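First up is the structure itself, then whatever we jot down about it.
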2 protein chains.
Amino acid sequence: MDIQKAQPLLDYINKHVSLTKEEESTLLSHITFRKYLKGQYILQQGDICRYECYVISGCTKTFYLDDDGQEHIIMFSIEDWWAADMGSFIDQTPADFNIQCLENTELVMFSYDTIEDLYIKVPKLERFFRRIIEKAFIASQKRIVRNFSLTAKEQYLHFRQQYPEIEQRIPQYMIASYLGITKEFLSKIKSQLALE
Amino acid sequence: MDIQKAQPLLDYINKHVSLTKEEESTLLSHITFRKYLKGQYILQQGDICRYECYVISGCTKTFYLDDDGQEHIIMFSIEDWWAADMGSFIDQTPADFNIQCLENTELVMFSYDTIEDLYIKVPKLERFFRRIIEKAFIASQKRIVRNFSLTAKEQYLHFRQQYPEIEQRIPQYMIASYLGITKEFLSKIKSQLALE
DNA sequence: TGAAAAAGTTAAACTAGATTAACTTTTTTT
DNA sequence: AAAAAAAGTTAATCTAGTTTAACTTTTTCA
C-alpha cells in the first residue's frame with residue numbers, strides 16, 4: 001500500500017509503539033486503502049464484518065435497526081478513530097450493526113484473514129491493538145455509567161464538550177439517536193439551554 | 001505461586017492459547033493468590049487499581065457511588081471471570097469504582113508492575129489478554145444496545161436467562177441496581193411475571 | 001430559482017419507571 | 001428463641017422522557 005495515504009495511521013500507531021522501517025513495510029503489505037462516498041455502506045447488518053477500519057478522513061455512523069425499524073446509533077467514527085462491528089469481526093458471525101458513511105470517507109482496512117499473521121510478524125502491533133481495545137472498553141464502560149447516572153440534558157452537555165467537532169458535522173436527530181433520546185426531546189433540551 | 005491454587009486459571013488460559021510448562025512457570029512467578037472475606041474491599045473508589053483479578057471462587061460486585069451517595073453496580077464477577085477497574089489499572093489513575101466481595105472470595109492477581117514484563121516473556125499471554133478484553137468490550141457494547149432497546153422487564157428476563165447462577169447468589173436489590181432500576185420496580189416486574 | 005425533501009421546533013397527551021412511605025418476610029446476631 | 005437488621009412488597013403520587021401531530025426552517029437538486 002501507498003505509504004503516503006497511510007501516513008496518518010503510521011503516526012497514530014507510533015504514538016503507542018515505535019515501529020522500525022521493516023515493521024512499517026510489513027504493516028503496509030497487510031492493509032488496504034479504500035474510499036467510500038457519502039451514503040455508502042461499509043457494513044450491513046447480517047453480513048460478516050471482515051475488516052477493522054481506521055478512518056483517515058470523513059465520518060461514519062455505526063447503528064442498528066430495532067424490531068420496529070427504528071435506528072439506534074452506537075457510535076460515530078471520525079479521523080483517527082475506528083469503525084467495525086467487533087462482535088462480528090472477532091467471531092466472523094453475522095453483524096448486528098450497519099456502518100454507513102455520513103461524508104465521503106477514506107479508510108485503511110485490516111482484514112480478518114491477514115491480521116493474525118500480521119500480529120505474528122509484528123508483535124508490537126498486537127500490543128498496539130490490545131491497547132486500543134482496552135481504551136475502547138474503558139470508553140464503553142464510561143458510557144454505561146453516564147447512562148446510569150446522568151439525565152438526558154447532562155448527557156447532551158457531556159457529548160457537546162467531549163466531541164465539539166462532531167456536533168458541527170452531524171445532524172441533530174442523529175445526535176439524539178446516539179444519546180438514546182428522541183429528536184423532539186433533544187430539541188426541547190436545546191431550547192431550555194438557550195434560555196439559561 | 002502454588003500451581004494447585006492456580007489450576008482453574010491455567011485451564012481457563014489454555015482454552016484460549018496453549019502454554020508450555022516453561023511458560024506456565026513464568027506465569028506462576030508473576031502472579032499472586034489471595035483470599036478475601038465476604039464484605040471486604042479489593043478496591044476503593046479513589047485508590048489506584050494495581051491488580052487485574054481473576055476469580056477462582058466466590059463473587060464480587062464492582063460499583064460506584066454517585067453524587068447522591070447512591071450505589072450503581074457495574075458488574076458482578078464470579079468464578080472464571082475478572083474484576084478490575086480497567087480505566088484506573090491502565091493509566092494508574094484514581095479508580096471510579098469499588099470492588100467488594102459478596103462472598104468469601106479467592107483471587108489470582110496480576111500486578112500492574114509485572115504484567116508488561118510478563119507479556120514480553122510470554123507473548124502468548126499478550127494474545128490471551130487481547131482476546132479477553134475484546135470479549136469484554138463486545139459484552140459492554142451489547143449491554144449498551146440492550147439499554148437502548150429493551151424495557152426494564154425485558155432486560156431483567158435477559159439477565160435471568162444469561163446468568164441464572166448469579167440470580168440465586170445475589171440479593172434482588174443488587175440485581176435492580178445492576179439493571180439500572182429501583183428495587184421497588186423490579187419487585188413490581190417480578191409480581192407481574194408471576195401472574196403470567 | 002423554486003419545489004421538494006430533509007431537518008428541526010413546539011405543544012398537548014401519555015407512559016415507563018422513580019419516589020415516598022408503610023408494611024411484611026427473611027436473615028443474622030445474640 | 002427473641003430481637004434487630006436486612007431484604008422484599010405494595011400502592012399512591014410524581015416526573016423525565018415518549019408519542020403524535022402540526023408547523024417552520026434549512027438543504028438539496030432539477
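Order of the sequence lines fixes the chain letters, A, B, ..., with proteins taken first and strands second; residue numbering starts at 1 for each chain. Because the structure is a prediction, the values reported are computed rather than measured.
- In terms of position along DNA chain D, the nucleotide closest to Leu150(A) lies nearer the 5' end than the nucleotide closest to the other residue of the pair Leu150(A) and Lys183(A).
- For the pair Lys188(A) NZ and dA12(C) P, the computed distance is 10 Å after rounding to whole Å.
- Within the 3.5 Å criterion, the main-chain N or O of Phe89(B) finds a donor-acceptor partner in the side chain of Gln92(B).
- Taking every heavy atom of residues 174-181 of chain B and every atom of DNA chain C, pairs under 4.0 Å involve Gly180(B), Ile181(B), by number.
- Between Phe110(B) and Trp82(B), the ring centre distance stays below 6.0 Å.
- Minimum heavy-atom separation, Thr105(B) to Cys59(B): OG1-N, 3.2 Å.
- There is no side-chain donor-acceptor pair under 3.5 Å between Tyr54(A) and Ser77(A).
- Two residues, Ser187(B) and Thr182(A), neighbour DNA chain D, and the one matched to the more 5' nucleotide by heavy-atom proximity is Ser187(B).
- Using a 4.0 Å heavy-atom criterion, one finds that Phe185(B) contacts the bases of the nucleic acid, with or without backbone contacts as well.
- The distance from atom CD of Glu184(A) to atom P of dT10(C) is 12 Å, rounded to the nearest whole Å.
- No side-chain donor-acceptor contact under 3.5 Å links Ser88(B) to the backbone of Met86(B).
- Counting to the nearest Å, the C1' atom of dA16(C) and the CD1 atom of Ile189(B) are 10 Å from each other.
- Taking the six-membered ring for Trp and the full ring otherwise, Tyr119(B) and Phe129(B) have centroids separated by under 6.0 Å.
- With respect to Lys5(A) and Glu106(A), no salt bridge is recorded, no charged nitrogen being found less than 4.0 Å from a carboxylate O.
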For this session: Determine, stepwise, if the pair Tyr51(B) / Thr32(B) fulfils side-chain hydrogen bond (donor to acceptor under 3.5 Å, both in side chains).
Result: CA-CA 10 Å; Tyr51(B) 304 96; Thr32(B) 53; over 6 Å; no
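- Looking at which nucleotide of DNA chain C each of Lys38(B) and Tyr173(A) is closest to, the 5′-most match is held by Tyr173(A).
- For the residue pair Glu24(A) / Asn14(A), a side-chain donor-acceptor distance below 3.5 Å is found, with atom types taken as modelled.
- DNA chain C is contacted by both Ala152(B) and Pro171(A); Pro171(A) maps to the nucleotide lying nearer its 5′ end (nearest heavy atom per residue).
- Rounding to whole angstrom units, CG of residue Leu186(B) and C1' of dA16(C) are separated by 15 Å.
- If you walk DNA chain D from 5' to 3' and mark each nucleotide with an atom closer than 4.0 Å to a heavy atom of chain B, the marks span dA7(D) to dT10(D).
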